[in-house]
Undergrad: 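Handing you a structure now.
Ligands are counted one by one from 1 in listed order, and the atoms in each one are counted from 1 as well.
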Amino acid sequence: QDSQVSDSDTITDGHRWPRQNSLSMREWDIPFDELKMNDVIGKGRFCTVYRGQWHGDVAVKVLNVIYLKDEKTLDHFKNEVSTFRKTRHENLILFMGACMKPPKLAIVTSLSKGMTLYTHIHLRKDKFNMNKTTNVAQQISQGMGYLHAKGIIHKDLKSKNIFIENGKVVITDFGLFSVTKLCFGNKDTDSLGIPPGWLCYLAPEIMKSLHAHQPHDEELPFSKASDVYAFGTVWYELLCGEWPFKGQPPEAVIWQVGKGMKQPLANLQASRDVKDILMLCWSFHADDRPDFVRLLNILDKLPKKRLARSPSHPIHLSRSAES
Ligand code: ATP
């Protein structure tokens, strides 16, 4: 029934299908023709992102869909999309709608004018001072805590999916990972079929299932706790300006993480509290990892430095990243 905008299409961890005829779905359906597509912003593993116009500036993420073998596949996409419309949080990208008519499947969101944390840290080599680092981590935790409270698992939290706009953190790409199984890749992967820069965000339980299956053969065991593990890696990037296990081949990383080994922190000159956050998030057993509510609590208690720079500070302010 059209007028019935119920939450019956609510899904928790992806197990309930949306009511396809409900007004609530159609409301978010954007006809592809209504979008004005401008230049390509970038290509990810499975999507091409365009700068577009739809009642103003938008980002249009077009999925490189290889096949839509049945209705169920399309349902899968709709199902994922139905979760985004429930998200309203200042640290999450604004979902505006989606094109759901095959073969053009696309997600329309607000256009982020800022740079990603990846660009700040790995390309520009910006250094964040400890207060800023903590503030960014708090905002990420706030956005992630909200997503988890809504029953949405991000599945691909990483510095490339975190924008910073005038000091505000905006998280993108939540919940899309399963859809990418339907897509062909843009980028080369290595011999194991693993895209570069992805492994260090994967929790041990996911690493272990990579042994048996190629990444997209089967649903990987993502969970709220695996998102927390990924957050730990982002916290490490913020502190160290690089990824853990830097320069090591994928086989070595998979083996170490699967055995419960962690990136050594001996060279990281940071306080015990700061390192403890890493160790907690990277706990081998998913149950030992804190949730984002607890993480926020811990981050709130980190001492605030009054000085912009102190001799013992782990991070030097060679270049300001305060955008
Ligand atoms: P991967 O596929 O490995 O996750 P990625 O995160 O770079 O890589 P996409 O998420 O597809 O891939 O993004 C492609 C490009 O588009 C990136 O440069 C990203 O920063 C940019 N982008 C994505 N969403 C937006 C947005 N809402 N506003 C502005 N730029 C965006």
Side-chain angles (χ1 to χ4, degrees), residues 30 35-66 77 80-81 84-85 87-99 104-124 126 140 143 147 153-166 168-190 192-202 206 210 215-216 220 222 226-227 230-231 233-234 237 243 250 323:
I30 301 175
L35 294 169
K36 189 166 168 260
M37 309 286 269
N38 301 330
D39 51 313
V40 172
I41 301 175
K43 289 185 178 186
R45 275 170 290 169
F46 312 102
C47 315
T48 304
V49 180
Y50 296 84
R51 203 181 308 274
Q53 292 280 316
W54 191 71
H55 304 288
D57 290 340
V58 290
V60 185
K61 190 166 195 142
V62 181
L63 303 180
N64 307 330
V65 177
I66 13 174
F77 175 67
E80 301 248 329
V81 165
F84 306 148
R85 68 192 169 83
T87 56
R88 288 161 196 264
H89 191 278
E90 66 167 343
N91 298 121
L92 301 179
I93 198 89
L94 176 69
F95 168 74
M96 297 178 74
C99 304
K104 297 279 189 198
L105 296 188
I107 310 263
V108 182
T109 66
S110 57
L111 181 73
S112 183
K113 303 259 157 63
M115 277 184 279
T116 63
L117 205 50
Y118 162 83
T119 303
H120 277 295
I121 295 175
H122 300 284
L123 302 182
R124 289 168 47 107
D126 289 334
I140 299 170
L147 271 187
I153 297 169
H154 191 302
K155 300 182 183 171
D156 201 16
L157 181 66
K158 57 183 183 180
S159 53
K160 276 190 175 179
N161 288 336
I162 300 167
F163 281 90
I164 303 198
E165 280 184 44
N166 299 321
K168 197 175 92 176
V169 162
V170 178
I171 302 171
T172 65
D173 264 4
F174 32 88
L176 264 181
F177 189 83
S178 317
V179 162
T180 61
K181 283 193 296 184
L182 318 174
C183 303
F184 61 84
N186 278 323
K187 287 179 194 159
D188 288 342
T189 54
D190 61 25
L192 291 174
I194 294 163
W198 183 55
L199 269 186
C200 58
Y201 297 100
L202 298 185
I206 298 174
L210 281 182
H216 303 294
L220 294 168
F222 290 105
S226 68
D227 277 350
F231 169 84
T233 299
V234 175
E237 290 175 81
W243 283 294
S323 58

Undergrad: I need the Ile107 CD1 to Met96 CE distance, nearest 0.5 Å.
TA: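 These two atoms lie 13.0 Å from each other.
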
Undergrad: Would the distance check show the side chain of His122 and the main-chain N or O of Leu117 forming a donor-acceptor pair, the cut-off being under 3.5 Å?
TA: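 Pair absent, no side-chain N/O of His122 close to backbone of Leu117.
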
Undergrad: Would you please determine whether Thr172 falls within less than 4.0 Å of ligand 1 on a heavy-atom basis?
TA: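 Judged by the 4.0 Å heavy-atom criterion, Thr172 does not count as contacting ligand 1.
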
Undergrad: Residue-level breakdown please: for Ser112 versus ligand 1, do any non-hydrogen atoms fall below 4.0 Å on the side chain, on the backbone, on both, or on neither?
TA: both

Undergrad: For Asn161, check side-chain hydrogen bond (donor to acceptor under 3.5 Å, both in side chains) against everything at least two apart and list the hits.
TA: none

Undergrad: Heavy atom of Lys113 under 4.0 Å from ligand 1?
TA: no

Undergrad: Against ligand 1, does Phe163 come closer than 4.0 Å with any heavy atom?
TA: yes

Undergrad: What part of Ile93, side chain, backbone, both or neither, has a heavy atom within less than 4.0 angstrom of ligand 1?
TA: side chain

Undergrad: Quick one: does any side-chain atom of Asn91 pair with a main-chain N or O of Val169 as donor and acceptor, under 3.5 Å?
TA: yes

Undergrad: Just verifying a value: how many Å separate Thr109 OG1 and Ile93 CD1, rounded to the nearest 0.5 Å?
TA: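 It comes to 4.5 Å.
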
Undergrad: Can you name the atoms of ligand 1, numbered from 1 with element, that are less than 4.0 Å from a heavy atom of Gly42?
TA: 14 (C), 15 (C)

Undergrad: When you measure from the heavy atoms of Lys158 to every atom of ligand 1, does any distance fall below 4.0 Å?
TA: yes

Undergrad: Got a sec, which pairs hit salt bridge (charged side-chain N to carboxylate O under 4.0 Å, His left out) with one end in residues 109-120, sequence neighbours left out?
TA: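 Those involving residues 109-120 are Asp57-Lys113.
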
